[in-house]
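Okay, so here's the structure we're looking at.
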Amino acid sequence: MERRKFIGKAALAVGAAGLAVGCTSPAGKAPGAVTSPRVKWRLASSFPRSLDTIYGAAEIFANRVKAMTDGRFDIRVFPAGELFGGLEVMDEIESGAVEVGHSASYYFKGKNPAFVFNCAVPFGLDARQQMAWVSSAGGREVMAGLFADHNIVHFPGGNTGVQMGGWFRREIKSLTDLQGLKMRIPGLGGEVMTRLGATVQVLPGGEIYPALERGAIDATEWVGPYDDEKLGFHRVAKNYYYPGWWEPGPGLSFYINKGAWEKLPPSYQAVVSAASEEAAKWMLTEYDAKNPPALKRLLAGGVTLRPFSDDVMIKAKEETHILLEEQAAADPTYKKIYDHWSKFRAESAAWLSTAELTYSNFVAKNS
Ligand code: CA
């Protein structure tokens, strides 16, 4: 209230001096025509409303932008399918059809395989490492050229944490049990699973449950306990495997059309940056709060937790390494990003496996 009074007096003083009278706002409001324009954007999410933690981060972002600009910067959020399909988000931001998108960069590996590093790579970074690489260790900068090629400025947009390995109708005791196994698993994880002998299928969210129920697929991955429970996989497949080594810390992103970004005043650009960081943090803390009770409910309902066997994990890691090296050899841009990412991964692992991992392991075994 005190601040409003002060600004009101300041505006009157400017008016009295005969300057910029046309810019003064009604009594008690800051002069706003120049520095606080009214801006309306649309945000296209790649996700359905039902994924309330992932989709919800876009709503947190929009709400914070609106609140921090006294309602003058208004972003309306649309779930996948309302404006266009979830996988068309990058094209539509590039063309400027909408100003901002919320998506997972590995969806766009067909445009350039190196987009996966902005999201998730099998045996790659966990959530904390991914956020550190992107926000503090130069990852955002090293990826920026790839996004600029698509007319996009990108910001952090959340993380799910390490995902689960998914739901299997039968127990997987060793690599042998993966031979010919029909599994729904998209992306690079799917490519590695194929190399391990599985028959990989990519099905959209709504088609997975019926396929698993009638045995058209033997297994599926999704996200983690909180999201998986809503789709009901535990009713038709009781073996819940971990970890989801193909998505150890998938980072989501906000994509902003470069032209729209450059039209924003610096204060609004700062608001967008702050709101994206808040939304990104929110998603991870939501998952960390909602997954534990969801897992407890699933276990109470008769689900059996099973870790992947060592031979599956080791072979999957070897095949991932071969795949990444093949892609790096084929493309210098990919190699530059891969080298930067690999160096961070090695250094980060050496540090985090010292105090953090020792502490976590001790607590896990003694709690
Ligand atoms: Ca997944």
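The analysis underlying the following values was restricted to heavy atoms, covering all of them including side chains, and did not include hydrogens, waters or symmetry mates. In each ligand, atom 1 is the first atom listed, and ligand 1 is the first ligand listed. Because the structure is predicted, anything quoted here is derived from the model rather than measured.
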request  = Check the Ca ion (ligand 1) and write out every protein N, O or S atom at under 3.0 Å, as residue and atom.
outcome  = Gln163 OE1, Glu221 OE1, Trp222 O, Glu247 OE2
key: Lys/Arg N to Asp/Glu carboxylate O, Lys230 vs Asp52, below 4.0 Å   = yes
query = Under 4.0 Å between a Lys/Arg side-chain N and an Asp/Glu carboxylate O for Lys281 and Glu277?
reply = no
query = Is the Phe155 to Trp261 ring centre distance short of 6.0 Å?
reply = yes
query = So, do Phe115 and His150 have ring centers that fall under 6.0 Å from each other?
reply = yes
task = Describe, in one word, how the ring planes of Tyr338 and Trp341 are oriented to each other, choosing from parallel (under 30°), tilted (30 to 60°) and perpendicular (over 60°).
result = parallel
task = Identify the residue among Tyr255, Phe254, Trp282 that makes a ring-ring contact (aromatic ring centres under 6.0 Å, His included) with Phe61.
result = Phe254
